[in-house]
Novice: 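Below: one structure in structure tokens.
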Amino acid sequence: MQAILNEQEILRREKLTQIRQMGIEPYPAELYPVNAYTKDIKKNFVPGTPPDTNNIVQLAGRLMSFRIQGSASFAELQDSTGRIQIYVRRDDLCPSENKEYYNTFFKKLLDIGDFVGIKGYVFQTQVGEISIHVTEINLLAKSLKALPIVKTDENGVSYDEVTDPEFKYRRRYVDLVVNPKVKDVFLKRTKIFQSVRDYLNSFEYLEVETPILQAIPGGATARPFITHHNALDIPLYMRIANELYLKRLIVGGFEGVYEFAKDFRNEGMDRTHNPEFTVLELYVAYKDYIWMAEFTENLLQKIAMDLYKTTDVQVGEKTISFKAPFQRLTMYEAIEKYTGIDISQKNEEELREVCKNLKIDVPAHAGKGKLIDEIFGETCEHHLIQPTFITDYPVEMSPLTKKHRSKAGLTERFELIVNGKEICNAYSELNDPIDQRERFEEQMKLQARGDDEAMFIDQDFLRALEYGMPPTSGIGFGMDRITMLFTNQSSIQDVLFFPQMRPEKIIEMAKTEDYLTIGVREELIPILQKLNIMTIAELKKVNPNKLFGDMGGMRKKLKLDQVKLPTKEEIEGWINS
RNA sequence: GAUUCUGUAGCUCAGUCGGUAGAGCACAUCACUUUUAAUGAUGGGGUCUUGGGUUCGAAUCCCAACAGAAUCACCA
């Protein structure tokens with residue numbers, strides 16, 4: 001069943017038929033040999049060189065604009081690397097008397113958005129623009145829907161840019177074709193991932209894969225997605241973190257392991273949260289969190305250099321310097337710095353009082369760790385614009401972290417805050433199996449108090465620790481947030497190709513067979529649809545006399561003169577069937 | 001989940017006090033041999049998101065639904 005087509009869609013389908021009638025296949029099967037890209041042509045052309053008609057370039061892409069000037073035309077071809085102007089002359093395409101290929105095929109039957117392959121030679125127009133003088137043009141794929149046309153003038157100001165987020169996110173493919181800046185964000189995203197991977201590989205750490213479907217969702221405090229395995233008849237969870245699996249691999253004897261992992265959390269969505277997101281987790285044996293902090297600042301500095309060849313990165317109004325070393329503050333120092341309150345000696349009751357005084361709402365079931373986390377999040381985070389390591393978290397909010405070597409009640413943990421947002425979370429990993437079991441039991445108590453995010457006990461993980469895990473430091477990087485930072489995007493949806501959206505509402509239209517069953521001729525269906533009669537139930541409700549009149553009018557409007565109108569008896573037949 | 005804002009042509013947007021729906025680009029027809037977001041002339045294209053209500057009359061006012069955004073809540 002075909003959806004209702006607008007004028008331009010109908011027109012392009014008609015052109016498709018005409019193209020076939022000319023003996024041209026609009027969707028040819030053969031490969032198209034390409035020997036040049038627009039970016040290279042523009043980069044390598046030496047201004048002032050006379051055209052070399054023997055040096056034929058062959059390239060392929062989408063037509064993005066036409067400027068037809070009678071028997072000569074300009075158009076723009078967009079390939080994967082950019083755009084170039086092409087110059088098409090009637091007498092080049094049609095050396096013989098028959099000018100149909102230019103006059104009809106090129107001028108009338110090609111549209112913006114069509115994929116074509118061209119052969120030609122590079123030259124400069126009188127205005128100086130590097131262009132391709134086309135000697136041959138072939139259709140590679142016809143486009144049936146009009147692209148929104150975005151134009152950019154010489155100052156880089158764009159006109160009619162597609163800005164509607166719903167359109168951009170639901171039809172990212174169109175957004176990418178039409179908005180080059182969007183494409184650039186995703187190129188940078190991949191470049192960031194490559195930069196990180198290169199760095200980790202240079203230390204010979206091993207890239208691994210661990211389960212996404214987990215019987216026990218561990219390694220983080222978050223609400224999981226739940227699914228079901230039919231053969232085993234057990235619930236399975238989509239992973240919220242891969243930490244516990246990577247540590248098992250350290251137990252197994254690897255020196256360093258890492259994974260770019262998709263994690264899934266069944267929580268709210270906003271411009272910094274998507275239900276699925278990418279985290280890089282890295283674990284290195286025989287290291288501690290002090291080593292990891294240095295490793296982290298070097299890594300971020302490298303990303304900045306790889307991307308921009310400088311450590312200064314523009315994020316919104318601010319310039320952020322990724323030049324190592326970064327500032328370090330303990331969590332208690334940070335809270336004292338921004339609130340003037342020293343909470344280091346306070347118990348749960350007193351912390352609750354502090355929250356009340358600072359007007360911070362906290363859940364009734366919150367434990368000490370949660371309370372401190374709330375205070376920090378509310379009072380400090382947004383002040384930390386330049387990269388800052390916050391270190392030494394209270395033990396209650398870090399159930400997988402080794403106790404601090406010298407400060408009681410704290411753990412060896414840091415988070416890196418940049419532009420008011422957490423970018424990564426790292427610690428000296430807890431490898432004392434007995435301590436770990438006690439920490440899990442604390443989490444169970446929190447669960448009993450109503451914290452539905454507290455961790456489950458993973459018995460196999462504890463067993464692994466009992467076999468012995470070397471001292472290890474681990475870190476998790478929020479790769480999407482890092483990408484947001486380095487591409488200057490303020491929402492996570494803009495650094496994900498396909499952010500999560502509510503499914504599009506689909507109009508339940510009657511199928512062709514449904515119409516045929518009640519006796520409607522197939523050729524009449526478009527007329528009924530254009531009259532907005534989309535279901536059989538609607539059709540049966542209409543007044544046959546009115547429909548008879550309406551159909552006549554609509555047939556004329558749609559220029560379907562060849563279609564024979566139904567008689568009034570025919571219409572009554574449908575309605576009474 | 002709560003509040004606020006938004007939804008008009010393929011795209012970007014106007015639309016006055018409630019009185020027959022507008023522009024630019026895109027599209028079509030004609031003209032044009034080097035143009036630079038934008039050549040000229042002419043033309044086609046709309047269930048004004050959907051459903052109710054008020055009204056002689058609703059894109060416009062009211063209610064609800066749907067979708068998106070922002071803020072908050074929840075949460076890395």
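This structure is a prediction, so every number in the text was calculated from the model and none was measured. In the text below, chain A, chain B and the rest are named by the order of the sequence lines, each starting its count at 1.
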Novice: Mind checking if A/Glu14 touches a base, just sugar-phosphate, or nothing, with heavy atoms under 4.0 Å?
Specialist: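 No contact.
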Novice: Considering residues at least two apart in sequence or located in another chain, which fulfil the side-chain hydrogen bond (donor to acceptor under 3.5 Å, both in side chains) criterion with A/Lys119?
Specialist: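 Per chain and number, A/Lys119 pairs via side-chain hydrogen bond (donor to acceptor under 3.5 Å, both in side chains) with no residue.
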Novice: Does A/Met269 or A/Met501 map to a spot on RNA chain B nearer the 5' end, using the closest nucleotide for each?
Specialist: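 That would be A/Met501.
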Novice: Between the base of B/rU36 and the side chain of A/Glu129, is there a donor-acceptor distance below 3.5 Å?
Specialist: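 Donor-acceptor pair under 3.5 Å: yes.
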Novice: Using whole Å, report how far CZ of A/Phe74 lies from P of B/rU39.
Specialist: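 To the nearest whole Å, that distance equals 13 Å.
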Novice: Of all the choices, B/rC75, B/rU71, B/rU35, which nucleotide is nearest to the side chain of A/Arg271 once you look at every atom?
Specialist: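 When the side chain of A/Arg271 is considered, B/rU71 is the closest of B/rC75, B/rU71, B/rU35.
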Novice: Can you pull out every salt bridge (charged side-chain N to carboxylate O under 4.0 Å, His left out) where at least one residue sits in residues 476-491 of chain A? Sequence neighbours excluded, please.
Specialist: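 Checked against salt bridge (charged side-chain N to carboxylate O under 4.0 Å, His left out) - neighbours excluded - the pairs reaching residues 476-491 of chain A are A/Arg189-A/Asp480.
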Novice: Rounded to whole Å, please give me the gap between CG in A/Asp153 and C1' in B/rC25.
Specialist: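 One finds 14 Å between C1' of B/rC25 and CG of A/Asp153, rounded.
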Novice: Measure from the side chain of A/Arg67, starting at C-beta and using heavy atoms only, and say which of B/rA73, B/rU36, B/rU33 lies closest.
Specialist: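 When the side chain of A/Arg67 is considered, B/rU36 is the closest of B/rA73, B/rU36, B/rU33.
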Novice: Please report, rounded to the nearest Å, how far the C1' atom of B/rA31 is from the CG atom of A/Asn103.
Specialist: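 From A/Asn103 CG to B/rA31 C1': 13 Å.
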Novice: Nearest-nucleotide wise, let me know which of A/Glu378 and A/Gln126 is further upstream toward the 5' end of RNA chain B.
Specialist: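 That would be A/Gln126.
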Novice: What is the distance from CZ of A/Phe66 to C1' of B/rU39, rounded to the nearest Å?
Specialist: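 In whole Å, B/rU39 C1' and A/Phe66 CZ are 17 Å from each other.
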Novice: Rounded to whole Å, please give me the gap between CZ in A/Arg223 and C1' in B/rG1.
Specialist: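 Distance check: A/Arg223 CZ to B/rG1 C1' gives 11 Å.
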Novice: B/rC56 and B/rA41: how far apart are their P atoms, nearest whole angstrom?
Specialist: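 About 46 Å, rounded to a whole number of Å.
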Novice: Checking A/Phe486 now: which residues fulfil ring pair (Phe, Tyr, Trp, His ring centres under 6.0 Å) with it, not counting sequence neighbours?
Specialist: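 In terms of ring pair (Phe, Tyr, Trp, His ring centres under 6.0 Å), with neighbours along the sequence ignored, A/Phe486 is linked to A/Phe322.
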Novice: Give every donor-acceptor pair under 3.5 Å between a side-chain atom in residues 62-70 of chain A and any protein atom, sequence neighbours left out.
Specialist:
residue : atom : partner  : partner atom : Å
A/Arg62 : NE   : A/Gly113 : O            : 3.1
A/Ser65 : OG   : A/Glu76  : OE1          : 2.9
A/Arg67 : NH2  : A/Gln85  : OE1          : 2.8

Novice: Do any N or O atoms from the side chain of A/Gln493 and from the backbone of A/Asp270 form a donor-acceptor pair under 3.5 angstrom?
Specialist: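 Here the side-chain-to-backbone pair exists.
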Novice: Check nucleotides 28-30 of chain B against the protein and report each pair of N or O atoms closer than 3.5 Å, with its distance, or say if there are none.
Specialist:
residue : atom : partner  : partner atom : Å
B/rA28  : OP1  : A/Lys15  : NZ           : 2.6
B/rC30  : OP2  : A/Lys108 : NZ           : 2.8

Novice: If the condition is ring pair (Phe, Tyr, Trp, His ring centres under 6.0 Å), which residues does A/Phe115 pass it with, not counting sequence neighbours?
Specialist: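 Once residues adjacent in sequence are excluded, A/Phe115 has no partner under the ring pair (Phe, Tyr, Trp, His ring centres under 6.0 Å) criterion.
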Novice: Checking A/Arg439 side chain against A/Thr401 main chain: does a donor-acceptor pair fall under 3.5 Å?
Specialist: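 Between the backbone of A/Thr401 and the side chain of A/Arg439 there is a qualifying donor-acceptor contact (under 3.5 Å).
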Novice: Output every pair passing salt bridge (charged side-chain N to carboxylate O under 4.0 Å, His left out) with a member in residues 380-393 of chain A, not counting sequence neighbours, ordered by first then second residue.
Specialist: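 Listed by first then second residue: A/Asp392-A/Lys407.
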Novice: Using the C1' atom as the point on both nucleotides, what is the distance between B/rA70 and B/rG57, in whole Å?
Specialist: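 Taking atom C1' in both B/rG57 and B/rA70, they lie 36 Å apart.
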Novice: Quick check for you: among B/rC74, B/rA67, B/rU35, whose closest atom lies nearest to any side-chain atom of A/Arg170?
Specialist: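 Of B/rC74, B/rA67, B/rU35, B/rA67 is nearest to the side chain of A/Arg170.
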Novice: By ring pair (Phe, Tyr, Trp, His ring centres under 6.0 Å), which residues pair with A/Phe498, not counting sequence neighbours?
Specialist: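 For A/Phe498, no residue satisfies ring pair (Phe, Tyr, Trp, His ring centres under 6.0 Å) once neighbours in sequence are set aside.
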Novice: How many whole angstroms separate atom CZ of A/Arg265 from atom C1' of B/rC74?
Specialist: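 Going from CZ in A/Arg265 over to C1' in B/rC74 covers 14 Å.
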Novice: When you check every protein heavy atom under 4.0 Å of nucleotides 3-14 of chain B, what one-letter string (B, S, -) results, 5' to 3'?
Specialist: -------BSSS-
Novice: Applying salt bridge (charged side-chain N to carboxylate O under 4.0 Å, His left out) as the test, list every pair that has at least one member in residues 175-184 of chain A; sequence neighbours left out.
Specialist: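 Listed once each, the pairs are A/Lys168-A/Asp175, A/Arg172-A/Asp175, A/Asp184-A/Lys188.
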Novice: Could you give the NZ-to-P distance, from A/Lys145 to B/rC27, as a whole number of Å?
Specialist: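 After rounding, the gap between these two atoms is 16 Å.
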Novice: Is the backbone N or O of A/Lys262 less than 3.5 Å from a side-chain atom of A/Arg239, with the two atoms forming a donor-acceptor pair by type?
Specialist: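 Between the backbone of A/Lys262 and the side chain of A/Arg239 there is a qualifying donor-acceptor contact (under 3.5 Å).
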Novice: Go ahead and write out RNA chain B as dot-bracket, 5' to 3': ( ) for pairs within the strand, [ ] for ones crossing earlier pairs, | when the partner sits on another strand, dots for unpaired; Watson-Crick or G-U wobble, both distances under 3.5 Å.
Specialist: (((((((..((((.....[..)))).(((((.......))))).....(((((..]....))))))))))))....
Novice: How far, in whole Å, is B/rU71 from B/rC61 if one measures between their C1' atoms?
Specialist: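 Here B/rC61 and B/rU71 have their C1' atoms 27 Å from each other.
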Novice: Please classify the nucleic acid contact of A/Thr152 as base, sugar-phosphate, or nothing, using heavy-atom distances under 4.0 Å.
Specialist: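 It contacts sugar-phosphate atoms only.
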Novice: Look at the side chain of A/Glu166 and decide which nucleotide, out of B/rA67, B/rU33, B/rU36, has an atom nearest to it.
Specialist: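 Output: B/rA67.
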Novice: B/rC25 P sits how many Å from A/Tyr159 OH, rounded?
Specialist: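 The answer, rounded to whole Å, is 13 Å.
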Novice: Sequence neighbours left out, what pairs pass side chain to side chain donor-acceptor pair (under 3.5 Å) with at least one residue falling in residues 90-99 of chain A?
Specialist: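 Applying side chain to side chain donor-acceptor pair (under 3.5 Å) to every pair that reaches into residues 90-99 of chain A, excluding sequence neighbours, yields A/Arg89-A/Asp92, A/Asp91-A/Lys99, A/Asp92-A/His133.
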Novice: Within the structure, does a side-chain N or O atom of A/Arg502 lie under 4.0 Å from either OP1 or OP2 of B/rG68?
Specialist: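 Yes, such a contact exists.
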Novice: Tell me whether the side-chain N or O atoms of A/Gln69 pair up with the base of B/rU39 as donor and acceptor below 3.5 Å, since no angle test is needed here.
Specialist: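 By the distance-only test, no, there is no pair.
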Novice: Taking B/rU49 as the reference, what is the distance to B/rG44 when you measure between their P atoms (whole Å, please)?
Specialist: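 My reading of the P atoms in B/rG44 and B/rU49 gives 24 Å.
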Novice: For the pair A/Arg83 and A/Thr38, evaluate side-chain hydrogen bond (donor to acceptor under 3.5 Å, both in side chains) and give the outcome as yes or no after the intermediate values.
Specialist: CA-CA 6 Å; A/Arg83 280 190 195 189; A/Thr38 60; over 6 Å; no
Novice: Heavy atoms only, 4.0 Å cut-off, all strands: where does A/Gly268 land among base, sugar-phosphate and nothing?
Specialist: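 Result for A/Gly268 = base.
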Novice: Taking the P atom of each, how far is B/rC11 from B/rC48, in whole Å?
Specialist: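 Those two atoms are separated by 16 Å.
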